[in-house]
Amino acid sequence: MSALPLRPIRRHIIHCSASAHGDVAEIRRWHCARGWNDIGYHFVVRPDGEVEVGRMLTEIGAHCEGQNRESVGTCLVGNMQFTPGQFAALRRLHAMLQSLFPGLTVHGHRDFNPHKTCPNFDVKKILT
């Protein structure tokens with residue numbers, strides 16, 4: 001059995017929860033209440049830097065309209081303030097994903113939706 005998903009992954013799209021709290025279980029409840037079948041993100045980074053798995057990488061996410069098929073979605077819990085632990089965890093997560101998917105690029109959700117400010121920080125400055 002292959003360890004990699006059977007779909008091309010070209011983009012890592014970063015989001016924020018726009019909330020002061022949350023974890024995979026809570027965000028899953030929010031998304032399912034909207035009628036989705038699961039959490040839309042593949043990863044959630046809590047304020048303490050813990051990375052939680054949402055959807056499996058083999059599953060197409062539901063986090064960025066028009067981009068889900070070839071992307072991984074990561075959500076940092078928070079709105080405008082993020083912790084050094086979250087950024088350190090995001091760097092480690094992104095490096096791991098780059099090792100699995102050579103050529104992976106990183107983007108903020110706002111890069112694909114001009115009506116969004118999410119994730120409210122410059123992802124390229126944090127990750128490159």
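Values below: every heavy atom of this structure, side chains too, minus hydrogens, waters and symmetry copies.
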Can you tell me if Arg69 has over 12 outside heavy atoms packed within less than 6.0 Å of its CZ?
no

Do other residues, nucleotides or ligands put more than 12 heavy atoms under 6.0 Å from Glu70 CD?
yes

Interatomic distance, [X] atom [atom1] to [Y] atom [atom2] [nearest 0.5 angstrom]:
X	Y	atom1	atom2	answer
Ile9	Leu100	CD1	CG	8.5 Å
Lys116	Cys16	NZ	SG	9.5 Å
Cys32	Ile27	SG	CD1	12.0 Å

Mind jotting down which residue pairs meet the salt bridge (charged side-chain N to carboxylate O under 4.0 Å, His left out) criterion with at least one end in residues 25-51? Sequence neighbours excluded, please.
Arg28-Asp38, Arg46-Asp48, Arg46-Glu50, Arg46-Glu52

List the steps, then state whether side chain to side chain contact (heavy atoms under 4.5 Å, CB included) holds for Leu90 with Phe43.
CA-CA 10 Å; Leu90 182 60; Phe43 300 99; over 6 Å; no

In the structure I gave you, are the side-chain heavy atoms of [X] and [Y] within less than 4.5 Å of one another anywhere?
X	Y	answer
Val44	Ile39	yes
Asp23	Val77	no
Ile126	Val106	no
Arg55	Asn37	yes
Phe82	Val45	no
His31	Tyr41	yes

Show, in sequence, the C-alpha distance, side-chain angles and deciding distance for Val24 and Val53, and conclude whether the side chain to side chain contact (heavy atoms under 4.5 Å, CB included) test is met.
CA-CA 7 Å; Val24 162; Val53 176; over 6 Å; no

Here the pair of heavy atoms bringing Pro119 nearest to Gly108 is CD-CA, 3.7 Å

Mind listing the closest non-hydrogen atom pair of Ala62 and Trp36 along with its distance?
O-CZ3, 3.4 Å

Partner of Arg110 under side-chain contact (heavy atoms from CB on, under 4.5 Å), picked from Ile14, Asn120, Asp122, Ile13, is Asp122

The residue among His107, His63, Arg10 that forms side-chain hydrogen bond (donor to acceptor under 3.5 Å, both in side chains) with Ser71 is His63

Hey, which of His42, His94, His12 is the one that makes side-chain hydrogen bond (donor to acceptor under 3.5 Å, both in side chains) with Thr74?
His12

Can you hop from [X] to [Y] via hydrophobic side chains spaced under 4.5 Å?
X	Y	answer
Leu104	Leu127	yes
Met80	Phe87	no
Ile60	Phe101	no

